[in-house]
Asks: 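Pasting a structure here, questions to come.
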There are 2 protein chains.
Amino acid sequence: MKDLEQYIQHYFDARAEDLSAIASAFSYKAIHKSDYLLKEGRICTQLSFIKQGLVRIYSTQNDKEVTQWISISGYFVTELSSFIFNTPARWNIQALTDCELYTIDKDQYEKLGLQIPEWHKLEKLFIAKCFIILEERVNSFLFMTAEERYNQLLSINPELFNQVPLQYLASMLGMTPETLSRLRKKAIG
Amino acid sequence: MKDLEQYIQHYFDARAEDLSAIASAFSYKAIHKSDYLLKEGRICTQLSFIKQGLVRIYSTQNDKEVTQWISISGYFVTELSSFIFNTPARWNIQALTDCELYTIDKDQYEKLGLQIPEWHKLEKLFIAKCFIILEERVNSFLFMTAEERYNQLLSINPELFNQVPLQYLASMLGMTPETLSRLRKKAIG
DNA sequence: GCGCAGAATTGATAAATATCAAGAATTTCA
DNA sequence: TGAAATTCTTGATATTTATCAATTCTGCGC
């Protein structure tokens with residue numbers, strides 16, 4: 001679980017002495033392609049670190065299926081609002097490939113608050129970092145065109161374009177698969 | 001400061017005994033129309049509750065001025081990422097009208113962590129609520145058209161359309177003033 | 001009240017993006 | 001491996017939204 005500890009340090013800014021306590025509250029879990037980590041309507045009770053693999057967060061409203069986000073290895077995945085507030089999840093989380101995860105359940109997660117004096121502070125910073133990611137996303141819709149969003153994703157995460165069905169990326173970028181296809185053609189020439 | 005205490009209770013879910021401690025760390029401040037609460041590039045050191053008035057959060061990139069958000073009375077305003085992580089602000093916050101605020105400075109805010117045992121937990125929940133608002137915003141771009149975003153804002157916050165220059169609302173909704181004007185015409189008939 | 005400046009609307013047109021339909025490419029899995 | 005299913009691309013067209021330019025409207029200082 002070396003990689004997990006490193007990532008916890010990176011994301012939670014935890015002190016060395018707390019690292020192993022936090023990391024050992026996670027347990028290893030392997031899941032298969034197409035398995036669900038979360039289904040719409042349920043309460044999200046898990047936070048998972050993706051050791052290996054890809055997962056997709058998506059939902060359908062009025063016949064429109066939207067991919068909200070693709071999480072890749074080295075990152076956490078959960079539905080934060082459901083996990084924090086115990087509200088019904090609005091998204092499905094499904095494995096796009098076989099995955100290896102380190103997962104923590106909500107009750108274990110809450111116990112960390114009793115064990116680790118700084119826990120709520122760390123948790124606060126974790127959530128604040130998630131906030132910043134979303135803020136960046138809102139900005140991308142306010143400042144950028146579909147084409148610019150495509151170019152940005154391609155430059156930051158080029159590997160996604162080999163590993164993820166393009167229709168999902170299109171949806172995540174707020175455009176149709178046809179538009180994404182044409183932007184790719186245009187960029188490649 | 002009755003309204004402030006109520007709002008703190010609502011937003012921070014604070015226990016009654018902590019309410020007054022939190023509320024009294026805020027101080028009253030009146031500002032004039034067009035005054036800045038924050039300028040791009042500075043560190044945001046204040047969190048303000050709007051007792052009365054309206055403020056606009058905006059920024060300019062490549063000649064494009066974007067209004068990110070309008071905050072109204074009864075809500076908090078700050079640049080959360082700058083306030084939490086002491087990073088340079090990416091936005092300006094400017095009063096659209098004369099305003100009455102209750103403001104807390106970062107150092108006072110941090111002292112609350114020493115006084116109130118639950119503080120980091122409350123803070124965590126506050127940030128998580130901000131996260132949910134942003135998530136809602138991302139969804140509005142993924143699921144909805146410009147017209148649907150306009151209709152939604154009109155139904156949730158009709159008073160904004162009297163009080164805020166429409167060009168700012170257009171920008172916040174991710175459209176041009178001309179498009180907003182035409183959507184209004186279409187809706188009214 | 002008058003005139004000015006900023007804001008909003010309107011019209012004409014262009015550009016971006018979506019939709020629909022068909023065909024090509026790729027993946028899946030029996 | 002080969003057939004079926006899914007995904008991707010392409011073309012034709014429609015819709016949405018942006019752009020640019022010209023008025024009109026509105027609020028504000030004098």
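If you're wondering where the values come from, they're calculated on a predicted model, not measured in any experiment. Residue numbering restarts at 1 for every chain, and letters A, B, ... go by the order of the sequence lines.
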Asks: Angle between the two end axes of the helix from dG1(C)-dC30(D) to dA30(C)-dT1(D), five base pairs per end, rounded to 10 degrees?
Replies: 50°
Asks: Give the rounded distance in Å between these two atoms: CD of Gln167(B) and P of dA5(C).
Replies: 17 Å
Asks: Applying side chain to side chain contact (heavy atoms under 4.5 Å, CB included), name anything that partners Leu142(B), two or more places apart in sequence or on another chain.
Replies: Val66(A), Gln68(A), Arg137(A), Phe141(A), Val138(B)
Asks: Can you name the residues that form a salt bridge (charged side-chain N to carboxylate O under 4.0 Å, His left out) with Glu136(B), not counting sequence neighbours?
Replies: Arg90(A)
Asks: Applying side chain to side chain contact (heavy atoms under 4.5 Å, CB included), can you list everything that pairs with Thr145(A), at least two apart in sequence or on another chain?
Replies: Glu147(A), Glu148(A)
Asks: Quick one: Phe143(A) CZ to dA18(D) C1', roughly how many Å, whole number?
Replies: 17 Å
Asks: Which residue is it: Phe26(B), Tyr102(B), Phe49(B)? I am looking for the one with a ring pair (Phe, Tyr, Trp, His ring centres under 6.0 Å) to Tyr7(B).
Replies: Phe49(B)
Asks: At under 4.0 Å between heavy atoms, what does Pro165(B) touch on the DNA or RNA strands: base, sugar-phosphate, or nothing?
Replies: sugar-phosphate
Asks: Can you tell me how far C1' of dT9(D) sits from CG of Leu180(A), to the nearest Å?
Replies: 11 Å
Asks: How many Å lie between NZ on Lys64(B) and P on dT17(D), as a whole number?
Replies: 14 Å
Asks: Measure the distance from CG on Leu173(B) to P on dT17(D) and round it to the nearest whole Å.
Replies: 12 Å
Asks: Reading nucleotides 12-30 of chain C from the 5' end, what letters show protein touch, with B for base, S for backbone sugar-phosphate only, - for no heavy atom under 4.0 Å?
Replies: B----SSBB-------S--
Asks: I want to check one thing: is the phosphate of dT10(C), taken as OP1 and OP2, less than 4.0 Å away from some side-chain N or O of Lys185(B)?
Replies: yes
Asks: Can you name the salt bridge (charged side-chain N to carboxylate O under 4.0 Å, His left out) partners of Glu178(B), sequence neighbours left out?
Replies: none
Asks: For Asn162(B) and dA7(C), give me the distance from atom CG to atom P, rounded to whole Å.
Replies: 17 Å
Asks: Taking only residues two or more places apart in sequence or in another chain, which ones pass side chain to side chain contact (heavy atoms under 4.5 Å, CB included) with Thr87(A)?
Replies: Ser82(A), Phe85(A)
Asks: With sequence neighbours left out, what residues match Glu135(B) under salt bridge (charged side-chain N to carboxylate O under 4.0 Å, His left out)?
Replies: none
Asks: Any side-chain heavy-atom pair from Tyr75(B) and Val55(B) closer than 4.5 angstrom?
Replies: no
Asks: So, using ring-ring contact (aromatic ring centres under 6.0 Å, His included) as the criterion, who are the partners of Phe161(A) when residues are at least two apart?
Replies: Tyr150(A)
Asks: Find the distance Met144(A):CE to dA18(D):C1' and express it as a whole number of Å.
Replies: 18 Å
